[in-house]
Amino acid sequence: MILLVPGSYYTGLSAVLFAIGVTGVLVRRNPLVIFMSIEVMLNAANLALVAFGAQFRNADGQVLVFFVMTVAAAEVAVGLAIIVAIFRLRPRLSVDDLSAMRW
Amino acid sequence: MQTAVFFAIAAIAVASALGLIVRRNPIHGALFLVVNLGSVAAIYLMLNAQFLAAAQVIIYAGAIMVLFVFAIMVLIPGKEETGPDPLRPFRLVAIPFGAFLLVEILLMLVVRPAPPREPPGAEGGAEAIGRLLFTDYLFPFELTSVLLLAALVGVLALAKRKA
């Protein structure tokens, strides 16, 4: 199948999504929202991989995206368990309260 | 025609990602993220990656987001992120930084665009991916199972209450 939309549009969209994800991680205080912004960044990277794969008619990028999805699933499970364990007993849901490991 | 469809889906994706970082309520953020993941799946379909589109909807929009919503429901009662932000000026610096990063990446894409090349390659269906997974990428594929098992055991150890 021929790509009717230029490949740079897809990578451009991926760049925009990645920048939004970075901004979300830096701006927000809620650890869950920060985590979801990380998911947006992972998705942007996946989109770039698929776009380049389509441009070069190569399925290797899609295999890599498959692995990224698997690792993301494991990461979300472990990360959410850690967040729940940390914040279950705290009064506020804010990453600013986590300063125990700061020197 | 396809360009118009692309721009419509891209607008939905960008708007929902912005909604995620702008809305205060994390539940709204999670729902926006579902919309974002769905639109990215639609773009995978446009890129002829049908298998990944299905996997995206099942794994991300299905499994991972359910996990997120569960975590939000467990954590949220009475712990909203409210009140004045003591670090607000520092946080606002993040927006120009994000914009700078975006300009940087776009510049990189414009200055050195990938050369169009057409080697005889595979299509993006499930067959091509499956073939690659079980030939060239067999070892990483098997390692994935170890990773998932480790994550499973780790989460159980974290979630177990100390007696």
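Chain A is the first sequence line, chain B the second, and so forth, proteins listed ahead of strands; every chain is numbered from 1.
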*Any side-chain heavy-atom pair from B:L37 and B:I64 closer than 4.5 angstrom?*
no
*Is it true that B:Y44 and B:F51 have ring centroids separated by less than 6.0 Å?*
no
*State, to 0.1 Å, how close A:M69 and B:A55 come at their nearest heavy-atom pair, and which atoms those are.*
SD-CB, 4.0 Å
*Looking at A:T23, A:L80, A:V40, which one has more heavy-atom pairs under 4.5 Å with chain B than the rest?*
A:L80
*B:V22 versus chain A, heavy atoms under 4.5 Å apart: side chain, backbone, both or neither?*
backbone
*Mind ranking B:P140, B:A63, B:A99, B:G154 by heavy-atom pairs under 4.5 Å with chain A and telling me who comes out on top?*
B:P140
*State plainly whether one hydrophobic cluster holds both A:V78 and A:V84, where clusters connect Ile, Leu, Val, Met, Phe, Trp and Tyr through side-chain heavy atoms under 4.5 angstrom apart.*
yes
*For chain A, which of B:V5, B:L92, B:L133, B:V93 has the most heavy-atom pairs under 4.5 Å?*
B:L133
*Would you mind checking which part of B:F68 comes under 4.5 Å of any heavy atom in chain A, side chain (CB onward), backbone (N, CA, C, O), both or neither?*
both
*Which atoms of B:L33 come close to chain A, meaning under 4.5 Å heavy atom to heavy atom: side chain ones, backbone ones, both, or neither?*
side chain
*Identify which part of A:I34 has an atom lying under 4.5 Å from any heavy atom of chain B, answering side chain, backbone, both or neither.*
neither
_Are more than 12 heavy atoms, taken from residues, nucleotides or ligands other than A:Y9, located less than 6.0 Å from that residue's OH atom?_
no
*For chain A, which residues of residues 142-152 of chain B have at least one non-hydrogen atom nearer than 4.5 Å to it?*
B:T144, B:L147, B:L148, B:A151
*Answer yes or no: is there a side-chain heavy-atom contact under 4.5 Å between B:N36 and B:L20?*
no
*Under 4.5 Å from any heavy atom of chain A - which part of B:R23*: backbone
*Between B:L101 and chain A, which part of the residue has a heavy atom less than 4.5 Å away: side chain, backbone, both or neither?*
side chain
*Region of B:F141 in contact with chain A, defined by heavy-atom distances below 4.5 Å*: both
*asked:* For chain B, which candidate among A:V25, A:V22, A:L17 shows the most heavy-atom pairs at distances under 4.5 Å?
replied: A:L17
*Out of B:A94, B:A159, B:G29, which one racks up the most heavy-atom pairs below 4.5 Å with chain A?*
B:A94
*Give a yes or no on whether the ring-centroid distance for A:Y10 and B:F6 is below 6.0 angstrom.*
yes
*Closest-packed option against chain B by number of heavy-atom pairs under 4.5 Å, given A:V50, A:T11, A:V65*: A:V50
_Heavy-atom check, side chain of A:I20 versus side chain of B:V14, under 4.5 Å_ = yes
*For residues B:I9 and B:A42, report the shortest heavy-atom separation together with the two atoms involved.*
CD1-CB, 3.9 Å
*Under 4.5 Å from any heavy atom of chain B - which part of A:F66*: both
*So do the side chains of A:E75 and A:I38 get within less than 4.5 Å of each other, counting heavy atoms only?*
yes
*Partner chain B: residue of A:A44, A:S8, A:A15 with the largest heavy-atom pair count (under 4.5 Å)*: A:A15
*Compute whether any side-chain donor of one residue and acceptor of the other, for A:N43 and B:Q56, lie under 3.5 angstrom apart.*
yes
*Top contributor to chain A contacts, counting heavy-atom pairs under 4.5 Å, from B:L67, B:I105, B:V40*: B:L67
*asked:* Count I, L, V, M, F, W, Y as connected when their side-chain heavy atoms are under 4.5 Å apart, and connections chain through other members. Are A:V16 and A:L26 then in the same cluster?
replied: yes
*Could you tell me whether the side chains of A:Q62 and A:D60 share a donor-acceptor contact shorter than 3.5 Å?*
no
*Quick one: do B:N48 and B:Q50 satisfy side-chain contact (heavy atoms from CB on, under 4.5 Å)? Show the steps, please.*
CA-CA 6 Å; B:N48 219 16; B:Q50 297 90 354; 3.0 Å; yes
